[in-house]
Amino acid sequence: LVAFLPCNFLAITLLALDQGDMRFGRYNLTRLLPSAVYLAGLLVLWALGAASVATVVWASWLGTALTAALRLYQCRDALCVPPVLSETRRLFAFGARLHGATLLAALLAVADRLVVVTFWDDRSLGLYVVALTLASAGLHLVTGAFNALLLPRLAAAGDVAVRRRIMGETLRYASLLLFAGTAALLVLAPWLLPVLFGDAYAGAIDLCLVLAIAQ
């Protein structure tokens with residue numbers, strides 16, 4: 001994991017360049033590279049009978065490392081520019097304000113997990129993890145897609161009125177998709193959850209429905 005972190009943060013930062021330029025074709029292809037390499041690595045390890053915790057971790061790391069190396073190569077010219085100290089200070093000041101709220105939001109987002117890990121038994125915890133995974137899948141898909149498009153559009157819009165219009169349109173479309181997706185999940189979850197995770201996790205269905213509504 002320590003070896004994973006530098007490659008991961010480097011890849012995410014360099015991917016943000018494509019996001020900011022709205023080059024979403026290259027952005028999405030590069031973003032899918034870690035998953036594709038990981039899947040190919042798992043298939044190779046399975047075929048060779050060499051799958052273990054260590055080799056699976058290395059397969060996951062390889063996808064992220066290749067993504068970081070590819071993005072470094074693609075933007076090599078842009079990175080060969082001396083940093084501007086005044087701009088660097090403004091970026092650090094902006095990041096401190098932004099990520100303070102981000103850190104608080106992340107802590108609040110995992111508060112439920114801290115509670116269930118501390119007070120629930122292993123069986124209940126396993127059911128909760130499965131229920132949360134399915135209940136939040138659609139939420140993460142929609143919010144991730146809208147965020148990727150929304151942030152560069154807001155940054156490119158210089159007028160406050162235009163930013164408000166973009167934000168309003170985004171929230172309306174995102175809300176519509178989230179409510180429609182939640183309604184579909186409430187109908188499909190009793191059938192979908194045992195198919196995806198096995199009959200042993202059928203006890204997570206009611207919890208999944210509650211978490212879907214909460215999400």
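Keep in mind the model is a prediction, meaning the values are calculated, not measured. One-based numbering along the sequence shown.
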Show me, pair by pair, the donor-acceptor contacts under 3.5 angstrom made by side chains of residues 89-115, not counting sequence neighbours?
from : atom 1 : to   : atom 2 : distance (Å)
T102 : OG1    : L98  : O      : 3.1
D112 : OD2    : Y128 : OH     : 2.3

If I compare all heavy atoms of [X] with all of [Y], which pair ends up nearest, and what's the gap?
X    : Y    : value
R163 : L154 : NE-O, 3.3 Å
W61  : C7   : NE1-SG, 3.9 Å
L79  : L72  : CD1-CD2, 3.7 Å
T64  : A11  : O-CB, 4.5 Å
C208 : L134 : SG-CD2, 3.9 Å
F24  : Q19  : CZ-O, 4.1 Å

Does [X] have more than 12 heavy atoms from other residues, nucleotides or ligands lying within 6.0 Å of its [atom1]?
X    : atom1 : value
D159 : CG    : yes
F146 : CZ    : yes
R123 : CZ    : no

Hey, can you pull the donor-acceptor pairs under 3.5 Å for the side chains in residues 169-197, sequence neighbours left out?
from : atom 1 : to   : atom 2 : distance (Å)
E169 : OE2    : R165 : NH1    : 3.2
T170 : OG1    : I166 : O      : 2.8
S175 : OG     : L171 : O      : 2.7
T182 : OG1    : L178 : O      : 2.8

According to a hydrophobic-cluster definition based on side-chain heavy atoms being under 4.5 Å apart (Ile, Leu, Val, Met, Phe, Trp, Tyr only), do [X] and [Y] belong together?
X    : Y    : result
I213 : L211 : no
Y27  : M22  : yes
L66  : L70  : yes
V210 : F119 : no
L151 : I12  : no

Point-to-point distance, once rounded to the nearest 0.5 Å, from [atom1] of [X] to [atom2] of [Y]:
X    : Y    : atom1 : atom2 : value
L33  : Y38  : CG    : OH    : 15.0 Å
L14  : F9   : CG    : CZ    : 13.5 Å
R71  : R26  : CZ    : CZ    : 4.5 Å
M167 : L150 : CE    : CG    : 5.0 Å
L32  : L39  : CG    : CG    : 11.5 Å
L127 : L132 : CG    : CG    : 12.5 Å

Pairing residues for T55 by the side chain to side chain donor-acceptor pair (under 3.5 Å) criterion, not counting sequence neighbours: S52

Donor-acceptor pair, side chain of N8 and main chain of F4, under 3.5 angstrom: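 No; judged by distance alone, with no hydrogens or angles, the pair does not exist.
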
